[in-house]
2 protein chains.
Amino acid sequence: MRVLAHPAAPSAIDLRARAHCVDCAIRQHAVCSHCDVDELEFLSAIKTYRNYRPGEPILAMGERAPFLGTMVEGVASMSRLLPDGRRQVVGLLFPGDLVGRPFSPVSPFEYVAVTEARLCAFDRPQFEAALRATPSLERRLLEMTLDELDSAREWMVLLGRKSAQEKMCSFFALAARRALRLEKRDPIDGMLVVLPMSREDMADFLGLTIETVSRQISALKKSGVIELIDARHLLIPSWSDLLDAGGGDIELY
Amino acid sequence: MRVLAHPAAPSAIDLRARAHCVDCAIRQHAVCSHCDVDELEFLSAIKTYRNYRPGEPILAMGERAPFLGTMVEGVASMSRLLPDGRRQVVGLLFPGDLVGRPFSPVSPFEYVAVTEARLCAFDRPQFEAALRATPSLERRLLEMTLDELDSAREWMVLLGRKSAQEKMCSFFALAARRALRLEKRDPIDGMLVVLPMSREDMADFLGLTIETVSRQISALKKSGVIELIDARHLLIPSWSDLLDAGGGDIELY
DNA sequence: CGGGAATTTGACACTCCTCAACACACGTGG
DNA sequence: CCACGTGTGTTGAGGAGTGTCAAATTCCCG
C-alpha cells in the first residue's frame, strides 16, 4: 500500500465532532431514520466517529467486530478474498449504509475504506440491545436489509449474465445514481460522474480484470457513450444511451 | 411446456390439508418459527395451501402479488429475465423459505416452481399487518433476511470469480446441504445428491450455458469427483474433494 | 526532474459460448 | 408392437470474449 499523505492514526476515533443526531445530514438514509428524539439521544450516547483513509481496513473478514456503524462520508467496499487471491467485491457502501453484520459478531466479508471515509460507530452489544428494544430501529433495519437483498440480487444478474461492456455501463449508472440520491436529484444528460474507486476495485466489483475494465472504458469513450475527463471523472452525454448500453432492465442501487 | 400427467387446476388452492401449524414439519425453518400458539392460531386463519407443478409460475415479475408464502414442499426458483431472453436465477427456494417480497406488492423477480411444490400462502395485507403487530414474526423475518443477504453475497462471489468447474461443484455442495438441512444431518462421503432441476435451470443459476453445465458434469464424472447415477442423481465419493474442487472458502446455503 | 504507482495498450492464450448434430427417454397414435 | 415426435441431455467443431503476461504511458508527489 502506498505511503499516505497525512499520517493520522488509523481508525482514529474522532471525539471532536460528535454532532447532534438531529442535524445529521445522512440520517434519512440511515438505520436511525425512524427514531424519535429520545431514541436519537440514546444512540448519541453510544456512538463514536471513526475516520479511515483510502485502502484502510474497517473490519477484517472473520474478525470479531466490536462495533456496527453507519457510513457518514465516503465510500467503502465489502468483499471476499478467495484463498488463491481472487477477490470479489459484493457491495459498495455509501453514506447511510450500514457497516457490519447485525446479530453476528464475525462478518463473513471484509470492509475496506475506498475513499476517505467517516463512520458513525455504535458499540455492538449496546446497539444490538437497542435494536431489540426499539421497534423503530428494528423495523428500519428490516427495510434496509430487504432493499439490500434486492440490490444484491440485481447485481447477481449483472455478474451472471452481462457482458463486460454492459457491466461497465451498469456500474457508471450505479455510481451516478448513488451520488445523486444523497442530494435527492435525478440523473440528467451531460451529468458528471465521479468514479470513487480504482480500476482494480471496479474490476473486483464487476467480476472482471483491470485490463478489461480499462479496455471497455476506452471503447465506451470511442463510441461516445461516455466522455472521459480523467481516470476518475466522466460525463454521460445521454443517460438513455448509457442505460441501453447497460443491457437495460435493471435499476441498480 | 409439456403436457402434464395429471390435469389438476394450476395454483389449486388446497382446502383439504389445513394441517395444524403446531405439527408443521418445516416450521422451525420458516418465518413463523418463533411464534407462540396464539400467533400460530392467527396465522392459521389466514393461510391457504397452494400446489404447483414443475415449471408453473408462482408469481410473475412485476405482478401485484396477493399473497406471501412459505415453501412447504419442493423447490422453486427466483429469477430475472432480461429483455433479450437471457435469464439469471438469483435464488433457489427450499422448504421453509419465504416466497415474495414483504412490504412491496410487486416483486422485482419471478417465482417459478422447479419441482412439484407446495406453498403455505398468507393473504398479503393481513400477513404484513401481522408482521407489524408481532415482534416474534418481524424479528424472525429480519433474521431470515440477513441470512439470505449473506447467501446472496456468497453467490455473487461464485458468479463473479469462479470457473465453470468450480461453479458446478459449489452447486452440488449447495444442493446437498440444503437437502440435508431439513433432516438436520451432515454431509457424509458417498452420499446421494438429488438435482432437483433441469440443466437449463442450473445453467441460469450459475451464469453458464446448458452445454457448459453438461460438459463440466462429464468432466467431474471422469475425474471422479462425482459418480453420475442418472441425469438427476449423483454420488459424492469424497465431500472434501468436492469442496476443494469448488474453490474452497465458501459455505453456501 | 525523478520514481513509483496506476492506467492503458498490445499480443496471445484459454475458457466458455454458439451452432449443430446426435442420443436417449417418454408418450402418442397407427 | 413399433414408428414417430417432442423434450431433454450430451458431444463436437469453431469462434468470440476475456484473461494473462508484458510493455508503454500517464499521473502523482516528492
Side-chain angles (χ1 to χ4, degrees), chain A residues 1-7 53-55 82 84-88 114-116 158-169 171 195-223 226 228-234 245 247, chain B residues 1-7 53-55 82 84-88 114-115 158-169 171 195-222 226 228-234 245 247:
Chain A
M1 194 188 307
R2 93 188 128 145
V3 176
L4 292 148
H6 39 123
R53 281 161 302 146
L82 294 182
D84 59 6
R86 286 177 286 182
R87 190 174 82 120
Q88 178 65 45
V114 169
T115 64
E116 293 273 342
L158 175 143
L159 290 173
R161 288 302 183 207
K162 291 205 171 183
S163 70
Q165 180 120 108
E166 291 171 325
K167 286 176 175 180
M168 289 310 309
C169 292
F171 173 74
L195 305 179
M197 58 202 339
S198 69
R199 298 289 185 263
E200 184 174 8
D201 284 334
M202 289 186 228
D204 288 343
F205 192 28
L206 296 167
L208 299 170
T209 60
I210 51 174
E211 295 93 332
T212 300
V213 166
S214 190
R215 272 187 259 269
Q216 293 304 331
I217 290 177
S218 299
L220 287 167
K221 180 177 60 174
K222 194 180 305 188
S223 69
I226 62 173
L228 209 54
I229 297 174
D230 62 40
R232 300 257 182 154
H233 300 268
L234 52 85
Chain B
M1 193 190 307
R2 95 186 125 145
V3 176
L4 292 148
H6 40 120
R53 279 162 303 146
L82 294 182
D84 59 6
R86 285 177 288 181
R87 190 174 83 120
Q88 178 66 45
V114 169
T115 65
L158 175 142
L159 290 172
R161 287 303 183 203
K162 291 204 169 184
S163 69
Q165 180 118 86
E166 291 171 324
K167 286 177 174 179
M168 288 311 309
C169 292
F171 174 73
L195 305 178
M197 59 204 338
S198 69
R199 298 289 185 264
E200 184 174 9
D201 284 334
M202 289 187 228
D204 288 343
F205 191 28
L206 297 167
L208 299 171
T209 60
I210 52 174
E211 295 94 331
T212 302
V213 167
S214 190
R215 272 187 259 270
Q216 294 303 331
I217 289 177
S218 299
L220 288 167
K221 180 176 60 175
K222 194 180 305 188
I226 62 173
L228 209 54
I229 298 175
D230 62 39
R232 301 262 182 150
H233 299 268
L234 52 84

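Chain letters run A, B, ... following the sequence lines, proteins first and then strands; every chain starts at 1.
Helix bend of the helix from C/dC1-D/dG30 to C/dG30-D/dC1: the angle between its two end axes, each built from five pairs, comes to 30° after rounding to 10°.
Protein atom CG of B/D230 is 14 Å distant from nucleotide atom C1' of D/dT10, rounded to whole Å. Rounded to a whole Å, the NZ atom of B/K167 is 14 Å from the P atom of C/dT15. Following rounding to the nearest Å, B/I229 (CD1) and D/dG9 (P) show an atom-to-atom distance of 16 Å. At whole-Å resolution of the value, CG in B/D201 and P in D/dT8 are 10 Å apart. One atom, CD of B/E200, and another, P of C/dT18, lie 13 Å apart when rounded to the nearest Å. A/R232 has its CZ atom 12 Å from the C1' atom of D/dC28, to the nearest Å. Distance CE (A/M168) to P (C/dT7): 11 Å, rounded to an integer number of Å. Here C/dT9 presents its C1' atom at 15 Å from CG of A/L228, a figure rounded to the nearest Å.
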What's the verdict on side-chain contact (heavy atoms from CB on, under 4.5 Å) for B/L159 and B/Q88, showing C-alpha distance, side-chain angles and the deciding distance?
CA-CA 10 Å; B/L159 290 172; B/Q88 178 66 45; 3.9 Å; yes
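To the nearest 0.5 Å, the span separating CZ on A/R87 from CD on A/E200 amounts to 6.0 Å. One finds the CG atom of A/L158 at 10.5 Å from the CE atom of A/M168 (value rounded to the nearest 0.5 Å). Interatomic distance, CD1 of B/I217 versus CG of B/L195, reported as 6.5 Å (0.5 Å rounding). B/R161 CZ to A/D204 CG: the interatomic distance, rounded to the nearest 0.5 Å, is 5.0 Å.
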Every protein N/O lying under 3.5 Å from an N/O of nucleotides 23-26 of chain C:
none

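When the side-chain contact (heavy atoms from CB on, under 4.5 Å) test is applied to A/S218, no partner is found at least two apart in sequence or on another chain. Residues that satisfy the side-chain contact (heavy atoms from CB on, under 4.5 Å) test with A/Q165, not counting sequence neighbours, are A/S163, A/Q216, A/A219, A/L220.
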Report all side-chain donor-acceptor pairs from residues 205-215 of chain A shorter than 3.5 Å, counting only partners two or more places apart or in another chain.
{"residue": "A/T209", "atom": "OG1", "partner": "A/T212", "partner atom": "N", "Å": "3.3"}
{"residue": "A/T209", "atom": "OG1", "partner": "A/T212", "partner atom": "OG1", "Å": "3.0"}

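The two residues A/M197 and A/D201 have their closest heavy-atom pair at CE-CB, 3.6 Å. Between A/D230 and A/R232 the shortest heavy-atom distance is OD1-N, 2.7 Å.
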Assign a letter to each nucleotide of nucleotides 12-22 of chain D from its 5' end: B, base within under 4.0 Å of a protein heavy atom; S, sugar-phosphate only; -, no contact.
BB----SSBB-
